[in-house]
Amino acid sequence: MLSTQEADDDSGYVFVAKLDNARNVSTILKAIHFKDTATVFVTNQGLKVTVEDAKCVQANAFIQAAVFHHFVLTQDQVTFKVNLSVLIECLTIFGSGTGPTSTATSMKMCYAGYGRPLVVILEEDGVLTDCSLKTLEPDESECLKEVFSELDSSSDILQILMSPDAPFLEFSTFGNSGSTHSSFSKDSDMVEAFQCTQTQSNRYKMQLLRPSSKALALSARISIRTDARGFLSLQYMIRNDDGQVCFVEFFCAPDEEIEDAEY
């Protein structure tokens, strides 16, 4: 068990978890390790580690708080991204711990909040190793980035449907291979807030929207709004390296010329 004064200093951390055998965590993480980046959700119930590939495949590892002999969280929830490959390497730095004479590696995992690293302290046979892993803010706009990156390039038009009823938010293109539709429920984990009082569908020229893709690539959050005339507002929240927040906003008029066109 971790016994040094450094290992026992929990001041300044919003999340601290201690475990007598790090293999109990590393084994579970290896089971979902098919991408390098993972999103870690910490609640009072424990850890949920999520790995995704292009929104087509998702794997979740659930590690209950009871697995740890010490588990403290000072906030309702903590979320961050981390390099899963590096985390697994840190947890197994003393070896797999599966040999007949192997000694269990005790672990302490702690996180001080936004922008701070995930600190993993391991101890085996009196040898102490301190690992510091860079964390990233979960990208809440990632699904929208993928939608725009996968739009049919042969389509001249992007149609955006907003409705108080299902499908709520839908993006459609009309290209050489037919029409494509991507929908998002108002209750989706990727939607922070949704407000729509009446159904509205508008079409916009793709060539007018493409310049906004540079801001989209840098954004952490996106606000999409339309007024009664169909004018589109895309507001991007961009966080710089110092954690300061800036905003970029694009406006686009609906394409009235093709409003009645049939596809």
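FYI, the numbering just counts along the sequence from 1.
Between Ile32 and Ala61, the shortest heavy-atom contact is CD1-CB, 3.6 Å. The two residues Leu118 and Leu87 have their closest heavy-atom pair at CD2-CD1, 4.3 Å. Contact detail for Arg225 and Gln235: the closest heavy-atom pair is NH2-NE2, 4.2 Å. The minimum heavy-atom distance between Ile222 and Ser219, with the atom names listed, is CG1-OG, 3.7 Å. Shortest non-hydrogen contact noted between Glu249 and Ser233 is OE2-OG, 2.8 Å. Residues Phe168 and Phe184 come closest through the heavy atom pair CB-O, 3.6 Å.
The side-chain tip of Arg203 points at the ring of Phe174 from less than 6.0 angstrom away and within 45° of straight on. In this structure, Lys48 satisfies the cation-pi test against Phe41, with its NZ or CZ atom closer than 6.0 Å to the six-membered ring centre and inside 45 degrees of the ring normal.
Under the 4.5 Å side-chain contact rule for hydrophobic residues, Leu216 and Phe251 do not share a cluster. When the side chains of ILVMFWY residues are joined at heavy-atom separations under 4.5 Å, either directly or via intervening members, Val72 and Val42 end up in two distinct hydrophobic clusters. Hydrophobic clustering, with ILVMFWY side chains joined whenever heavy atoms are under 4.5 angstrom apart, groups Phe71 together with Val78. One hydrophobic cluster, built from ILVMFWY side chains closer than 4.5 Å, holds both Val191 and Leu232. Linking ILVMFWY side-chain heavy atoms closer than 4.5 Å, directly or via other members, places Phe62 and Phe34 in two distinct hydrophobic clusters.
For Tyr111 and Phe80, the ring centers are positioned less than 6.0 Å apart.
With sequence neighbours excluded, no residue forms a salt bridge (Lys or Arg N to Asp or Glu O under 4.0 Å) with Arg210.
Between the side chain of Ser182 and the backbone N or O of Phe171 there is no donor-acceptor pair closer than 3.5 Å.
Put simply, CG on Asp125 and CG on Leu128 are 12.5 Å apart, with the number rounded to the nearest 0.5 Å. Taking CG of Leu133 as the reference point, atom CG of Leu84 lies at 10.0 Å (rounded to 0.5 Å). To the nearest 0.5 angstrom, Leu208 atom CG is 8.0 Å from Asp255 atom CG. The line from CG of Asn202 to CG of Leu161 is 9.5 Å long, rounded to the nearest 0.5 Å. Rounded to the nearest 0.5 Å, atoms OG (Ser154) and CG (Asn176) are 4.0 Å apart. One distance of note links CD of Glu170 with NE2 of His181; it measures 6.0 Å at 0.5 Å rounding.
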Can Ile160 and Leu169 be said to form a side chain to side chain contact (heavy atoms under 4.5 Å, CB included), step by step?
CA-CA 7 Å; Ile160 300 179; Leu169 176 63; 4.1 Å; yes
Under the criterion side chain to side chain contact (heavy atoms under 4.5 Å, CB included), I'd like the reasoning laid out for Leu122 against Glu124: C-alpha separation, chi angles, the key distance, then a yes or no.
CA-CA 7 Å; Leu122 302 163; Glu124 182 176 312; over 6 Å; no
One pair to check against side chain to side chain contact (heavy atoms under 4.5 Å, CB included): Ile224 and Phe194. What are the steps and the verdict?
CA-CA 10 Å; Ile224 303 174; Phe194 183 88; over 6 Å; no
Worked verdict on Ser85 versus Asp36 for side-chain hydrogen bond (donor to acceptor under 3.5 Å, both in side chains)
CA-CA 5 Å; Ser85 300; Asp36 284 339; 2.6 Å; yes
Set out, in order, the CA-CA distance, both residues' side-chain angles and the distance that settles side chain to side chain contact (heavy atoms under 4.5 Å, CB included) for Val245 and Met237, then state yes or no.
CA-CA 7 Å; Val245 173; Met237 188 188 85; 3.3 Å; yes
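A donor-acceptor pair shorter than 3.5 Å can be found between the side chains of Thr50 and Asn60.
Annotation: Gln77, atom CD; neighbour count of heavy atoms from other residues, nucleotides and ligands within 6.0 Å is above 12. Within 6.0 Å of the CG atom in Asp227, the count of heavy atoms belonging to other residues, nucleotides or ligands exceeds 12. Under a cut-off of 6.0 angstrom, the local environment of CG in Asn24 is crowded, with over 12 non-hydrogen atoms contributed by other residues, nucleotides or ligands.
With a 4.5 Å cut-off on side-chain heavy atoms, Thr173 and Ile157 do not count as touching. With contacts defined as side-chain heavy-atom distances shorter than 4.5 Å, the pair Gln75/Asn44 does not qualify. Annotation: side chain of Val119 is in contact with side chain of Cys110 (closest heavy-atom distance under 4.5 Å). Considering only heavy atoms from C-beta on, Leu19 comes within 4.5 Å of Val25 through its side chain. Contact of the Thr129 side chain with the Phe94 side chain is registered, since non-hydrogen atoms from C-beta on lie closer than 4.5 Å. No side-chain heavy atom of Ile121 sits under 4.5 Å from any side-chain heavy atom of Met107. Residues Phe68 and Leu47 meet the side-chain proximity criterion, which asks for heavy atoms closer than 4.5 Å. You'll find the side chain of Thr92 reaches within 4.5 Å of the side chain of Lys30, heavy atoms only.
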